[in-house]
Protein chains: 2
Amino acid sequence: MIVDARQSGESARDYAYRILKENIISTELKPGSLVSENETAAKLGLSRTPVREAIYDLAKVSIIETIPQKGSFVALIDPKMVEEARFLRKVLDVAVIRLACQEIDPEILKALEDNIDLQEFYLSKGNAEKIYELDNEFHRLIYVAAHKEIICELKSNMLIHFDRVRSLSVETVRDMKIVADHSGMLAAIKEHDEEKAVALVEKHLSRYHFDEELIRGQFPDYFK
Amino acid sequence: MIVDARQSGESARDYAYRILKENIISTELKPGSLVSENETAAKLGLSRTPVREAIYDLAKVSIIETIPQKGSFVALIDPKMVEEARFLRKVLDVAVIRLACQEIDPEILKALEDNIDLQEFYLSKGNAEKIYELDNEFHRLIYVAAHKEIICELKSNMLIHFDRVRSLSVETVRDMKIVADHSGMLAAIKEHDEEKAVALVEKHLSRYHFDEELIRGQFPDYFK
DNA sequence: CTAGTAATACTTGTCTACAAGTTCATTAAA
DNA sequence: TTTAATGAACTTGTAGACAAGTATTACTAG
């Protein structure tokens, strides 16, 4: 497990959650592997309590399965679960961008514009990691524009299933297209053009195709 | 706080969660009131740990607000939050019933039919509480039909905001209409008629109108 | 050598104790 | 009387111990 430092102001629980989530998405913690509360607590320099809470959070969206008196295990990749995550994201993203098209706060609009400027900057630098972060933030801002922050949070938790298979996929160079998609969405929001925005969201999501057979061929043990 | 007995096979954590949720929805635990971990644990005959975990779960959907070293408080009614819950329910219910219309397992269909028979039975008996339970179960079954169980769970958690204001509303006699709505939805699913089903879902949800001014007039202290 | 059993080393579930911070009431001083 | 300080009684955050259950391993009996 890769453990980076605890950020200032981060509670023990949040710290444990962040580290576990990162390691699950990257499959540094392999699907099916045991995540012991004691062992994790020791590695993070915490007691069991906050670690236990973080594990429980992850279990709530079935990315960890806890079996009483046996252990907590990173869930095997379950195509059904990946589909639930994909479905949730699509349904909510579409519904939320419709709201954003209807009315948007100038401040949020500014934040979206700044975000895209940064995306283009890092695209020219070829910094994929930064684009990944900005991508997440861009979509979150649309939820903020629609005043649906809690829903965004719920979605994020579920998205772990999706992000994990994404991280296993061969990363083709598609950052350019992603940034262009975002640009188009922002334009649609400015023009209050719901249909255009929705079409773009759907196109955008289609770029993250889950090629189950391919990944299953490479990592058969990771699957349910 | 009204505490009924712990069910067999129910973990301490689940028990605490269930009791707290019921008391929050019924406003037996008043908006703004303190929910002390120690006090709750004592009342339920548990230790702090499982109670703490239950409180944390509720805090995740902002129905409880925990302030470190100060306390955990039942959230005041926040119309924004009620709206987020309503929005989530509508968007998901619509998306999910579309899937159910496309394809439905005969077993689930049977369960839906049985459920409606029971609804009609209890309607004739005038048993509102049973209808409430069957109502929840009916909608859950549609999620099961669409293979979206986890999403259903996430929605349920958020719905607490919605259910709480619903429980504060004067209960007009509308059970009849609700049961009829369900009947219509089932028919639409059988006929694979998506548009009809969606129209019914939207009509159905419109019956749960949140009359903010009315409730605010009656319980001004409960609001944010 | 094999089969069964007992010990052991794990796991999570729960409980209790302590640490750190907030609030509020009481008390003492001006 | 008013005001400021102090301490008691709360709160949650974290830590660690014990209980109960499981799986493995080593050992003993046949």
| note | Atom CD of Glu39(A) and atom C1' of dG16(D) are separated, to the nearest Å, by 18 Å

| Taking only N and O in the side chain of Ser72(B), is any of them less than 4.0 Å away from OP1 or OP2 of dT12(D)? | yes

| said: Within the 4.0 Å heavy-atom criterion, would you say Val35(A) contacts the bases, only the backbone, or no part of the nucleic acid? | reply: sugar-phosphate

| Counting only side-chain N and O atoms of Thr49(B), is one of them less than 4.0 Å from OP1 or OP2 of dT14(C)? | no

| field | N or O in side chain of Arg52(A) less than 4.0 angstrom from dG13(C) OP1/OP2 | value | yes

| message | What's the closest nucleotide to the side chain of Leu46(B) if the choices are dC18(C), dT14(C), dC15(C)? | response | dC15(C)

| query | Think Arg164(B) forms a cation-pi with Tyr222(B), using NZ or CZ under 6.0 Å from the six-ring centre and within 45 degrees of its axis? | reply | no

| remark: Walking DNA chain D from its 5' end, the first of Ala12(A) and Pro68(A) to be reached, judged by nearest nucleotide, is Ala12(A)

| said: Does a side-chain N or O of Ser36(A) approach OP1 or OP2 of dT11(C) to a distance below 4.0 Å, or not? | reply: yes

| task | Check whether the side chain of Gln69(B) and the base of dT22(C) form a donor-acceptor pair under 3.5 Å. | result | no

| CZ of Phe73(B) versus P of dT22(C): gap in Å, rounded? | 13 Å

| Taking the side chain of Pro50(B) as its heavy atoms from C-beta onward, which of dC15(C), dT12(C), dT11(C) lies nearest to it? | dC15(C)

| query | Whole-Å distance between dG13(D) C1' and Arg48(A) CZ? | reply | 16 Å

| note | Whole-Å distance, Glu37(A) CD to dA17(D) C1', equals 14 Å

| message | OP1 or OP2 of dA15(D) versus the side-chain N and O atoms of Ser47(A): is any pair under 4.0 Å? | response | yes

| said: Does dA23(D) have its OP1 or OP2 closer than 4.0 Å to a side-chain nitrogen or oxygen of Lys70(A)? | reply: yes

| Is the NZ or CZ atom of Arg166(A) both under 6.0 Å from the centre of the six-membered ring of Tyr132(A) and within 45° of that ring's axis? | no

| field | Check: Asn115(B)/Gln119(B) side-chain N/O donor and acceptor closer than 3.5 Å | value | yes

| message | Rounding to an integer number of Å, can you tell me how far Ile67(B) CD1 sits from dT11(D) P? | response | 14 Å

| query | Atom CG of Asn38(B) to atom P of dG13(D): distance rounded to whole Å? | reply | 12 Å

| Residue from Asp4(B), Leu29(B), Ile2(B) passing side-chain contact (heavy atoms from CB on, under 4.5 Å) with Glu22(B) | Asp4(B)

| note | note: Arg13(A), atom CZ; dT12(D), atom P; distance rounded to Å ~ 12 Å

| Interatomic distance where CD belongs to Glu10(A) and P belongs to dG13(D) [whole Å] | 15 Å

| message | So does Ile19(B) get a backbone contact from the side chain of Asn23(B), meaning a donor-acceptor N/O pair under 3.5 Å? | response | yes

